Amino acid sequence: MTGPDLIFKPKVLQTARHRTAWIEAGPLDGPLMVFIHGWPELGLVWRAQVAHFAAAGWRCAAPDMRGYGGSSVPDAIASSAVRELVADMVELHEALGGEPAVWVGHD
């Protein structure tokens with residue numbers, strides 16, 4: 001599942017407090033790996049890693065963090081606090097099934 005056979009599926013989670021957009025690839029029943037980008041990027045920055053691990057059987061998700069890409073962009077500065085970002089990722093993790101996951105990040 002590489003090259004043209006690999007499909008990056010755009011997804012969106014809308015909750016009462018936030019909208020998270022992400023790309024996903026790999027088998028739905030594969031172990032979960034979530035890639036978190038730093039400032040100022042998008043989840044798409046992880047496309048090579050997502051392609052590699054999805055081809056190896058991992059279910060990969062790479063969200064646009066709060067304030068970037070297809071995710072919501074709140075006006076209040078307090079909305080960018082770490083506790084809000086963590087809550088966003090907890091909601092995403094639950095939407096992805098809540099199973100144990102490998103989390104990869106950079107800034």
Side-chain angles (χ1 to χ4, degrees):
M1 190 166 68
T2 59
D5 297 331
L6 180 66
I7 298 172
F8 290 90
K9 295 170 259 181
K11 306 272 185 139
V12 175
L13 170 66
Q14 182 71 52
T15 70
R17 51 178 296 288
H18 176 67
R19 178 184 68 250
T20 299
W22 75 95
I23 58 168
E24 187 173 324
L28 292 178
D29 62 347
L32 181 61
M33 189 176 295
V34 183
F35 294 88
I36 308 299
H37 70 80
W39 180 87
E41 296 179 308
L42 300 173
L44 193 59
V45 71
W46 293 106
R47 65 188 168 278
Q49 292 81 7
V50 167
H52 173 81
F53 286 102
W58 288 79
R59 179 183 184 194
C60 298
D64 290 339
M65 299 301 287
R66 175 181 287 249
Y68 298 94
S71 294
S72 56
V73 181
D75 291 328
I77 292 172
S79 296
S80 296
V82 170
R83 71 179 170 274
E84 298 298 330
L85 300 173
V86 169
D88 297 345
M89 294 300 98
V90 168
E91 290 173 346
L92 175 63
H93 183 245
E94 290 171 358
L96 292 168
E99 294 296 320
V102 172
W103 293 77
V104 181
H106 80 86
D107 192 6

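Both backbone and side-chain heavy atoms feed into the values below; hydrogens, waters and symmetry mates do not. Bear in mind the structure is a predicted one, so any value in this text is a computation, not a measurement.
Sorted by first and then second residue, the pairs that involve residues 70-104 and meet ring-ring contact (aromatic ring centres under 6.0 Å, His included), not counting sequence neighbours, are His93-Trp103.
Nearest approach of Gly57 to Pro31, heavy atoms of both residues: O-CD, 3.6 Å. The heavy-atom pair separating Leu96 from Arg59 by the smallest distance is O-NH1, 2.9 Å. Between Gly69 and Asp64, the shortest heavy-atom contact is CA-OD2, 3.5 Å. Of all non-hydrogen atoms in Val50 and Cys60, the two that sit nearest each other are CG1-CB, 3.8 Å. When all heavy atoms are compared, the tightest approach of Arg66 to Pro74 is NH1-CG, 3.6 Å. Of all non-hydrogen atoms in Ser80 and Leu85, the two that sit nearest each other are O-CD1, 4.1 Å.
Between the CE atom in Met89 and the CE atom in Met65 there is a gap of 4.0 Å [rounded to 0.5 Å]. Note that OG of Ser72 is 7.0 Å distant from CD of Gln14, once rounded to the nearest 0.5 Å. Considering CG of Asp29 and CD of Glu99, their distance stands at 11.5 Å, rounded to 0.5 Å.
Between the side chain of Arg19 and the main chain of Gly70, a donor-acceptor pair closer than 3.5 Å is present.
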Q.
Glu41 vs His106, test: side-chain contact (heavy atoms from CB on, under 4.5 Å). Steps then yes/no.
A. CA-CA 10 Å; Glu41 296 179 308; His106 80 86; 2.6 Å; yes
**Q.** Criterion side-chain contact (heavy atoms from CB on, under 4.5 Å) on Thr20 and Glu91, from CA distance to verdict
**A.** CA-CA 9 Å; Thr20 299; Glu91 290 173 346; 5.6 Å; no
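Side-chain heavy atoms closer than 4.5 Å link hydrophobic residues (I, L, V, M, F, W, Y) into clusters, and following such links, even through other members, never connects Val34 to Leu28. Residues Val102 and Ile23 fall within the same hydrophobic cluster, defined by Ile, Leu, Val, Met, Phe, Trp and Tyr side chains chained together at heavy-atom separations under 4.5 Å. One hydrophobic cluster, built from ILVMFWY side chains closer than 4.5 Å, holds both Ile36 and Trp39.
The ring-ring contact (aromatic ring centres under 6.0 Å, His included) test with Trp46 singles out one residue from Trp22, Phe53, Phe35, Phe8, and that residue is Phe35.
Contact check for Arg17 versus Glu84: side-chain heavy atoms found under the 4.5 Å cut-off.
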